[in-house]
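Letters A, B, ... mirror the listed sequences (proteins, then strands); counts begin at 1.
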2 protein chains.
Amino acid sequence: MVGSARDVEIPLENQQIKQAGLKVTAPRVKILEILEQSGKRHMSAEDVYKALLSHDEEIGLATVYRVLTQFEGAGLVCRRHFEGGQSVFELNSGEHHDHLVCVKCGKIVEFLDTTIEKRQARIAAEEGFKIEDHSLVVYGVCPDCQKKRG
Amino acid sequence: MVGSARDVEIPLENQQIKQAGLKVTAPRVKILEILEQSGKRHMSAEDVYKALLSHDEEIGLATVYRVLTQFEGAGLVCRRHFEGGQSVFELNSGEHHDHLVCVKCGKIVEFLDTTIEKRQARIAAEEGFKIEDHSLVVYGVCPDCQKKRG
DNA sequence: GGTATACTGAAAATCTTTCGCATCTTGCCC
DNA sequence: GGGCAAGATGCGAAAGATTTTCAGTATACC
Ligand SMILES: [Mn+2]
Ligand SMILES: [Mn+2]
Ligand SMILES: [Zn+2]
Ligand SMILES: [Zn+2]
């Protein structure tokens with residue numbers, strides 16, 4: 001047998017999952033791949049599930065929810081609660097950011113504004129609150145959707 | 001029969017409901033009363049339902065949801081989506097505001113910061129979005145809860 | 001009062017997410 | 001490489017929140 005173990009590249013996903021303290025299983029690797037490769041940065045569990053189906057992966061919806069929750073706990077993904085029933089997940093970029101969401105087409109623009117972040121911190125401090133987290137979502141109509149309709 | 005129609009005061013609730021284009025019915029009046037009289041400014045449908053029960057009102061939970069949704073459509077109440085399952089409703093004060101929520105005890109502090117509001121408007125404008133709404137919720141631990149635990 | 005229409009309560013249906021559990025896998029030791 | 005225990009998966013059932021359905025009832029208006 002010629003060649004070393006290096007002939008087979010160990011996918012980055014496996015490292016991430018292992019480092020998160022989770023066993024490397026097919027569902028976990030596939031779900032992470034979907035999140036990394038999909039054009040949508042923000043996907044609902046259902047979105048992920050459908051993407052898996054379209055890749056002919058036999059993974060149950062319950063497993064998708066379970067794995068996404070584990071990934072969240074491990075800091076691999078962030079869960080968002082925008083309006084409209086389902087939670088959406090995105091890979092954790094490591095940097096906090098907020099969202100601008102188009103109410104017509106669902107387009108999402110991410111932003112980070114230090115002025116807002118500072119004001120929030122000040123307001124919380126004035127009330128004596130110790131901030132744990134925050135959620136800022138601005139809903140509006142994106143340029144494309146404004147063109148399409150009056 | 002002495003006395004005019006003015007002897008019987010028409011409750012303000014009835015006016016508000018009528019002006020909203022809705023028929024004045026017992027459930028609607030009671031629910032509006034609960035929202036006005038309850039110490040909690042922010043109530044879930046379940047909260048309202050329980051308050052009704054404690055007032056010996058026979059109103060179904062489905063009706064509570066229906067009425068709250070109608071009130072929202074009529075601009076009488078605002079629906080909020082804080083973390084944790086249920087939506088909460090509050091009377092529409094006519095003035096927008098955001099929320100600081102204690103993750104331990106649920107205490108809510110309302111605030112309005114023009115600096116933040118302006119920054120949001122600018123950010124949306126830069127992206128060409130026409131703002132329709134926004135939701136800013138800061139989660140943290142209130143002073144009381146900080147004292148109670150390490 | 002009489003009537004068309006809107007409203008109501010209760011149950012059933014939806015929708016999203018989580019559980020229970022029998023059945024597989026993975027990670028690890030020999 | 002095989003054996004094993006802990007941990008994961010898939011499936012169906014269950015749960016929790018909200019909405020819909022529908023037959024009976026109340027309201028607004030004449
Ligand atoms: Mn994002
Ligand atoms: Mn409020
Ligand atoms: Zn759009
Ligand atoms: Zn508190």
Could B:R41 and B:E110 be called an ion pair, given the rule that one side-chain N must be under 4.0 Å from one carboxylate O?
yes
So what does B:E46 hit on the nucleic acid, given a heavy-atom distance under 4.0 Å: a base, only sugar-phosphate, or nothing?
nothing
Starting from P on C:dC7, measure out to CZ on B:F71 and report it in whole angstrom.
11 Å
Name the residue closer to the 5' end of DNA chain C, choosing between B:G21 and A:G85 according to the nucleotide with the nearest heavy atom.
B:G21
Whole-Å distance, B:L52 CG to C:dA10 P, equals 13 Å
Report yes or no: does A:R28 contribute a side-chain atom to a donor-acceptor pair with the main-chain N or O of A:K23 at less than 3.5 Å?
yes
Nearest heavy atom decides the nucleotide; on that basis, is A:A45 or B:E58 closer to the 5' end of DNA chain C?
B:E58
Does a side-chain heavy-atom distance below 4.5 Å link A:D98 with A:D113?
no
Measure NE2/A:H81 against C1'/C:dT17 and give the value in whole Å, please.
12 Å
What is the distance from CD of B:Q70 to P of C:dT8, rounded to the nearest Å?
6 Å
Could you state the CD-C1' distance from A:E72 to C:dT18, rounded to the nearest angstrom?
14 Å
Just by distance, with hydrogens left out, do A:R79 and A:T69 show a side-chain donor and acceptor under 3.5 Å apart?
yes
Atom CD of A:Q86 to atom P of C:dT18: distance rounded to whole Å?
12 Å
Show, in sequence, the C-alpha distance, side-chain angles and deciding distance for A:H99 and A:E90, and conclude whether the side chain to side chain donor-acceptor pair (under 3.5 Å) test is met.
CA-CA 12 Å; A:H99 301 85; A:E90 67 178 307; 3.2 Å; yes
With sequence neighbours left out, which residue pairs that include part of residues 30-40 of chain B fulfil the side-chain hydrogen bond (donor to acceptor under 3.5 Å, both in side chains) condition?
B:K40-B:D47
Quick one: are the ring centres of B:F89 and B:H42 less than 6.0 Å apart?
no
What is the separation between atom CZ on A:R28 and atom C1' on C:dT26, rounded to the nearest whole Å?
10 Å
Which part of the nucleic acid, if any, lies within reach of A:S87 when heavy atoms closer than 4.0 Å are counted: base, sugar-phosphate only, or nothing?
sugar-phosphate
Which whole-number value in Å describes the distance from B:Y49 OH to D:dT18 P?
15 Å
What string of B, S and - do you get for nucleotides 19-30 of chain D, 5' to 3', if B is base contact, S is sugar-phosphate-only contact and - is no contact with any protein heavy atom under 4.0 Å?
BBB-----BS--
